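Worksheet: the structure to be examined is printed underneath.
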Number of protein chains: 2
Amino acid sequence: MTTRPFHHGNLRAVLLEQAEGMLRTVGSDGLSLRELARQAGVSHGAPRSHFIDRQALLDALAEQGFDRLTRAVRSAVDGAESARVGFDRVAQAYVDFAIEDAALMELMFAAKTGARPGAVQEAAGRLFGALDDVMGPSGPTMADGARDTFKLLFGATMQGIAALVASGRIARAQGDVLVTAAMAMLLDSELGREVVTRH
Amino acid sequence: MTTRPFHHGNLRAVLLEQAEGMLRTVGSDGLSLRELARQAGVSHGAPRSHFIDRQALLDALAEQGFDRLTRAVRSAVDGAESARVGFDRVAQAYVDFAIEDAALMELMFAAKTGARPGAVQEAAGRLFGALDDVMGPSGPTMADGARDTFKLLFGATMQGIAALVASGRIARAQGDVLVTAAMAMLLDSELGREVVTRH
DNA sequence: ACCTGAACACCGTTCAAGT
DNA sequence: ACCTGAACACCGTTCAAGT
């Protein structure tokens, strides 16, 4: 038998997994390092070996969140027969994620009081990059930055809709209506028709 | 002379004003009731007479924020010669507010872990109502809910753009580009042309 | 009605010490 | 390299007591 049951070299991963669950139940305000350590069966000082402070844990959670959302986006794109269907599925995956893990989403897009570490920004960049795959190849006459504008507008709109649902301001069903309306608006716009090519 | 310099019957207002400033510098995580009491020159138990707990103070801040944003929206609409100009000005005011007071904006649209008190939801409703004034009178052939869909989409998009800027993901200038693109998209869309009448 | 101040449980962070 | 456990300063909340 061993006095260190499972967390032998993987305490960091265990803490992150537990923290993600705790985030869903008590929110980021209620997330406590000491409680996390207790649940993991280690001393309250143990997390220090993996996260320099509480903010470092929150940043790691945000980074992990971006990577998970990126995977969800990629998987939504896979097998979509057109850019239009791909975008509709990505939009739904995006909003689903943001509602299911509202506190995590807030962490990912939180206003930076201090400077954000590079790892989080890079993970955000990977999400941004995944959206390229939905848009198809870049056209020859495409204006500089038009694709970026479209991608950012897409992300901003989905995140805004999800925030309305997560805050209880509107019902989930109305959120779906907004997603449909937003996608029609985005894809049928001049910018959308210029930028989203078929594939 | 008096031992209670200024806070005599208005401690609540003083605490709220200080808290709003504190929110800008340290964020909502760093907002401490005891520090607030210290700055106001009262004992650490004094805030309890006005806010039952920390969450009650945060809710009061959110409510106050909605009312201030509502005033900003109303003032942006005043004197606008057309719905189009009105919406452009409202959009700018909205994003300005959200960037200047990013932490407050997060509080206003935060995911509800517990139930939100009615006062906050009502203040949010007043903001929503102010947007009606920008849209002009409702047309006779207008589909049910189309106006609501448009208003919500407008708010969601602006909030999403502001979150991208506030989180340092994009620069302020790029945020302005997104606002312009979003307004063109919204107003030129089928929904927009149906819903925004001239006045 | 509003504020004081002691008391309590909890927290994040630091750090010397162990393995 | 990773974890323990004491120590410290700080916090939210409660509550009897004062005015």
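Quick note on labels: first sequence line is chain A, next is B, and so on, each numbered from 1. Keep in mind that what you see is a predicted model, and the values were worked out from it rather than measured.
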What dot-bracket string describes DNA chain D from 5' to 3', counting Watson-Crick and G-U wobble pairs whose defining distances are under 3.5 Å, with [ ] for crossing pairs and | for pairs to another strand? ||.|||||...|||||.||

Value in whole Å for how far the P atom of D:dC3 lies from CZ of A:Phe51: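 So the CZ-P distance, A:Phe51 to D:dC3, works out to 11 Å.
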
If we only count heavy atoms from C-beta on, is the [X] to [Y] side-chain gap below 4.5 Å?
| X | Y | result |
| --- | --- | --- |
| B:Leu11 | B:Val42 | yes |
| A:Tyr94 | A:Met105 | yes |
| A:Leu131 | A:Val90 | yes |
| A:Gln174 | A:Leu164 | no |

Protein-nucleotides 5-7 of chain D N/O pairs closer than 3.5 Å?
residue	atom	partner	partner atom	Å
D:dA6	N6	A:His44	NE2	2.9

Name the nucleic acid region contacted by B:Arg12, choosing base, sugar-phosphate or nothing; use a 4.0 angstrom heavy-atom cut-off, strictly under.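 No contact at all - B:Arg12 keeps every heavy atom at 4.0 Å or more from the nucleic acid.
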
Hey, does B:Ser49 reach any base, or is it just sugar-phosphate, or nothing, if we go heavy atoms under 4.0 Å?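 The answer is base, as B:Ser49 lies within the cut-off (heavy atoms under 4.0 Å) of a base atom.
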
Are the charged groups of B:Asp59 and B:Lys112 less than 4.0 angstrom apart, N to O?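 A salt bridge is absent here (no side-chain N lies under 4.0 Å from a carboxylate O).
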
Salt bridge (charged side-chain N to carboxylate O under 4.0 Å, His left out) assessment of A:Arg89 paired with A:Asp96: CA-CA 10 Å; A:Arg89 290 177 54 180; A:Asp96 284 349; over 6 Å; no

For [N] and [X] - does any side-chain N or O of the residue sit under 4.0 Å from the phosphate oxygens OP1/OP2?
| X | N | result |
| --- | --- | --- |
| A:His50 | D:dA1 | no |
| A:Arg38 | C:dC11 | yes |
| B:Ser32 | D:dG12 | yes |
| B:Arg48 | D:dT14 | yes |

Centroid-centroid under 6.0 Å between B:Phe109 and B:Phe66 rings: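 Yes, the ring of B:Phe109 comes within the 6.0 Å limit of the ring of B:Phe66, centre to centre.
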
Show the numbers, then the answer: is there a salt bridge (charged side-chain N to carboxylate O under 4.0 Å, His left out) between A:Arg172 and A:Asp176? CA-CA 7 Å; A:Arg172 175 64 198 259; A:Asp176 289 339; 3.8 Å; yes

Where along residues 53-64 of chain A does a heavy atom fall under 4.0 Å from DNA chain D?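 Output list: empty, so none.
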
